[in-house]
Amino acid sequence: MIFNEGADIFHTQGSRVVWSTTRRPVVLLPNNKVTLNSFDIAWPHPATSDAYGYSATTSGGFTAYAAASFVTIVPQEWDSGLTAVATLPAGCNYFQVDVNLARINSLSSYLGYGEPPVLLPSEQWHTLDGASAVAERFSLLVRIFRFERIGNTVYLRRKQSVANVGARFPWLSGNNPTNGAGGQRNGWTYGSGGINGHPVSMRAQAFNAFSNRGQSGMAATDDNTNYASTWRGTVIITPGYIKA
Amino acid sequence: MSVIRGFSVEGVVACFDEPNQIGDIFDINAPRNAPAKDPAANLTALSWHSDLFQYEVDTEFSVTINHSSLGVTTYRIGSAGGGLPGGTPPAVYLDVYGDVRVTDINLGAHTAGANPIFMVALDGRMLPSGHLIQQDTTDTGRFVAPWVSASNVFLRETAMSGTNALAGTSRTYRVMVFRTRAKDPSKPLFAGDASGLQLARGIIDSSRKYAKQVAVGESPYAINLGPTIDCVNGGVRTATGGLTFSEALYAGAMAAPAYRNIGL
């Protein structure tokens with residue numbers, strides 16, 4: 001039944017209130033929704049450095065050598081800033097974001113885990129609470145995106161963050177691969193800016209007498225990885241209103 | 001004054017607070033009927049409108065998931081030198097501890113068809129996509145993100161162990177799937193009998209449930225009105241229903257957004 005009580009209207013079914021003017025339904029405005037097709041959400045390849053390990057062992061008059069270089073990602077914070085993507089009608093106090101996205105490029109494997117996993121299944125629909133999501137995480141890197149409202153404009157923000165948890169390797173003192181007499185030291189050294197880097201991929205190996213860092217036979221230390229990531233798909237932004 | 005008015009020519013029915021009493025009540029163009037004519041510009045005056053989507057409940061249920069444990073796996077990555085007579089060859093390697101497991105957990109079925117609007121709540125608060133539901137130690141974690149197919153609601157779980165294992169845990173989720181209902185042109189703007197009342201050509205029906213302002217004594221679900229996820233220093237903070245949940249590494253200061261409590 002439906003009836004008025006004072007200035008309010010109640011719609012009931014038995015003892016249950018279907019709705020009333022004091023218990024207003026949450027509403028969306030489908031005629032005002034914004035659909036973004038083939039929409040990209042991307043994060044850059046993070047800043048990297050390297051870690052270089054060297055070991056030489058002598059026995060029975062023979063010396064054997066082993067060296068390996070690792071690409072490391074260094075502590076960093078990246079914020080895309082705000083990019084305007086939609087305008088809402090004035091008076092809305094809520095907007096719903098539904099996405100159907102897929103990562104469209106391949107990332108390098110990291111350590112023994114293969115390609116970094118995605119926390120949002122590809123090509124499936126998600127209604128994002130708070131218009132926010134964690135997209136990826138591997139090693140100590142995390143990537144998120146969120147849609148933010150300022151006034152009547154909806155913006156996209158992307159963030160990428162790598163933790164600083166201090167030195168991950170027992171670096172040689174002074175980061176010096178040689179000793180005072182010019183001889184080679186066994187141990188780890190880091191590349192520029194890499195003192196707190198996290199290993200993500202083994203770059204190269206070397207097994208010769210000149211395989212320590214700085215010597216002619218050293219393993220390559222250039223970054224041959226690609227962890228940049230692009231997601232593409234459909235984003236639907238629907239304005240709405242929820243009475244307090 | 002709150003009114004329910006129907007306008008047969010336009011096929012509109014709405015419940016709203018009259019902004020004034022100017023004009024003919026039967027004329028949708030009259031100033032007093034502005035919320036019926038232009039709902040987007042008069043949202044604060046509206047209770048509902050036949051052109052708006054009211055969160056009509058298709059399916060709702062609670063389900064307890066026993067999230068399984070994840071042990072520690074050690075990966076050795078590196079190089080070993082050649083043979084060395086009478087000695088152990090040199091080697092350079094990393095021992096990487098921990099594992100990553102991605103699982104899609106089926107929470108249950110719905111009948112709302114393809115691409116429905118849905119919500120999943122945990123402890124009365126909507127679940128952000130990527131919410132941390134468990135962190136036993138700094139190097140372990142369990143993150144979940146809900147998603148929906150044409151027939152079921154799922155939870156993508158990403159579990160991570162480190163030098164420590166991730167223990168099993170149980171959580172109870174509330175699943176709500178909503179139906180998009182089109183006007184039925186065969187139905188009138190207003191109809192009713194002893195069994196119930198239908199409005200706006202079937203958009204509102206006594207037999208159905210709608211997400212709405214919560215009543216005193218009802219169990220509420222918090223819908224967040226602002227961003228619910230942040231990351232700083234490689235750690236994530238999620239926020240829902242006025243509370244924040246942070247990984248140990250998180251070094252930011254995101255506050256929980258405003259929210260509204262709803263009931264069904």
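For clarity, every value in this text was computed on a predicted model and none was experimentally measured. Naming: A, B, ... by sequence-line order, numbering from 1 per chain. Worth knowing before you read on, the calculation uses all heavy atoms, side chains too, and leaves out hydrogens, waters and symmetry mates.
- Interface residue Thr158(B): only side-chain heavy atoms are found under 4.5 Å from chain A.
- Proximity to chain A (any heavy atom under 4.5 Å) is restricted, for Glu247(B), to the side chain, taken from C-beta onward.
- For Pro121(A), the parts sitting under 4.5 Å from any heavy atom of chain B are the backbone and the side chain alike.
- Ranking Arg149(A), Arg146(A), Gln160(A), Arg157(A) against chain B, the residue ahead of the rest is Arg146(A), based on heavy-atom pairs under 4.5 Å.
- Only the side chain of Cys15(B) comes within contact range of chain A, with heavy atoms under 4.5 Å apart.
- Interface remark: Asp205(B) contributes backbone atoms only to the contact with chain A (heavy atom separation under 4.5 Å).
- With a threshold of 4.5 angstrom between heavy atoms, Val214(B) approaches chain A through N, CA, C or O but not through any side-chain atom.
- Counting heavy-atom pairs closer than 4.5 Å to chain A, the top residue among Ala211(B), Ala145(B), Ala114(B) is Ala211(B).
- Within residues 126-133 of chain B, the residues that have a heavy atom under 4.5 Å from a heavy atom of chain A are Met126(B), Leu127(B), Pro128(B), Ser129(B), Gly130(B), listed by number.
- Contacts between Tyr75(B) and chain A at a heavy-atom distance below 4.5 Å involve the side chain alone, from C-beta outward.
- Proximity to chain A (any heavy atom under 4.5 Å) is restricted, for Val3(B), to the backbone atoms N, CA, C and O.
- For chain A, the nearby part of Phe143(B) is the side chain; its heavy atoms alone come within less than 4.5 Å.
- Looking at Arg208(B), only its backbone comes within 4.5 Å of chain A, counting heavy atoms on both sides.
- With a threshold of 4.5 angstrom between heavy atoms, Asp17(B) approaches chain A through side-chain atoms but not through N, CA, C or O.
- For Leu52(B), the parts sitting under 4.5 Å from any heavy atom of chain A are the backbone and the side chain alike.
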